[in-house]
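One structure is given here, and the rest of the page talks about it.
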Amino acid sequence: MNFKRPFGRGFRRWIPLLALWALAASGARAADRLTIRLIQASNQTEGASAELRDVAPLLRRNLPYRRFELLESRTVRLPVEQSLPFAAGLTVRCAGDENRLALFVESDGVILLQTEVRLTGETPLILGGFPAPGGARRLLVLTAR
């Protein structure tokens with residue numbers, strides 16, 4: 001009796017279906033939310049706001065500041081086509097999804113930054129260095145989840 005042949009033929013029929021299932025199971029799911037945090041960076045004191053615990057090490061490693069303070073955070077659904085005004089006087093206009101997100105950062109009608117980004121995984125993206133009172137800088141940290 002030859003068990004190899006019937007098993008081989010039947011199994012080969014399932015390979016495409018198994019491959020699609022494995023691809024779907026392993027593929028990253030699309031992000032459905034975008035969080036934009038407005039942060040003030042300075043050298044006046046040291047430390048970071050408790051709400052920045054997840055990104056504070058990244059900020060310290062990459063930026064020449066000792067203090068990071070969360071000013072405001074906004075979360076929107078993706079895909080997005082919306083203007084988000086922040087109390088600090090910045091407005092962030094967003095259009096697109098995590099694979100192709102157009103951003104316009106404005107202050108008093110002047111465009112400070114215009115870019116298109118791709119957000120990968122839950123890796124934060126730091127944008128900015130916008131002037132703030134007292135020699136501080138304002139940053140935007142974007143995360144898609």
Determine yes or no for a side-chain-to-main-chain donor-acceptor pair under 3.5 angstrom, with Arg37 supplying the side chain and Glu51 the backbone.
-> yes
Test side chain to side chain contact (heavy atoms under 4.5 Å, CB included) applied to Glu98 and Leu34, step by step | CA-CA 8 Å; Glu98 76 275 12; Leu34 170 68; over 6 Å; no
With a 4.5 Å heavy-atom cut-off, do Cys94 and Glu81 have their side chains touching?
-> no
If a pair satisfies side-chain hydrogen bond (donor to acceptor under 3.5 Å, both in side chains) and one of its residues is in residues 106-116, list it, with sequence neighbours excluded.
-> Arg93-Glu106, Arg100-Glu116
Verify side chain to side chain contact (heavy atoms under 4.5 Å, CB included) between Leu112 and Leu90, making sure each step is shown before the conclusion.
-> CA-CA 9 Å; Leu112 303 175; Leu90 293 178; 3.6 Å; yes
Using the side chain to side chain contact (heavy atoms under 4.5 Å, CB included) rule, take Leu140 and Leu38 through it: C-alpha gap first, then chi angles, then the decisive distance, then the call.
-> CA-CA 5 Å; Leu140 296 170; Leu38 178 62; 3.7 Å; yes
Cluster link Ile126 to Ile36, ILVMFWY, side chain under 4.5 Å = no
Yes or no on side chain to side chain contact (heavy atoms under 4.5 Å, CB included) for Leu142 and Leu103, after CA distance, side-chain angles and deciding distance?
-> CA-CA 11 Å; Leu142 288 75; Leu103 296 162; 3.5 Å; yes
Which heavy atom in Gln40 sits nearest to a heavy atom in Ala132, and how many Å separate them?
-> OE1-CB, 3.9 Å
Please report the shortest heavy-atom distance between Ala136 and Ser42, naming the atom on each side.
-> CB-CB, 4.0 Å
Remaining members of hydrophobic cluster (4.5 Å side-chain criterion), Phe104 = Ile111
Identify the two heavy atoms, one from Val55 and one from Pro124, that lie closest to each other, and give their separation to 0.1 Å.
-> CG1-CG, 3.6 Å
Are Phe130 and Leu84 connected in the hydrophobic side-chain network, where two residues link if heavy atoms are under 4.5 Å apart?
-> yes
Only distances under 3.5 Å count here; give the side-chain donor-acceptor pairs of residues 62-77 to other protein atoms, sequence neighbours excluded, each with its distance to 0.1 Å.
from, atom 1, to, atom 2, distance (Å)
Asn62, ND2, Leu58, O, 2.8
Arg66, NH2, Asn43, O, 2.5
Glu72, OE1, Ala87, N, 2.7
Arg74, NH1, Pro85, O, 2.5
Thr75, OG1, Thr35, OG1, 3.1

CG/Leu52 to CG/Leu139 distance, rounded to the nearest 0.5 angstrom?
-> 10.0 Å
With the 4.5 Å side-chain cut-off for hydrophobic clustering, are Phe86 and Leu113 part of the same group?
-> yes
Side-chain heavy atoms under 4.5 angstrom apart, residues restricted to Ile, Leu, Val, Met, Phe, Trp, Tyr: same cluster for Val80 and Leu119?
-> yes
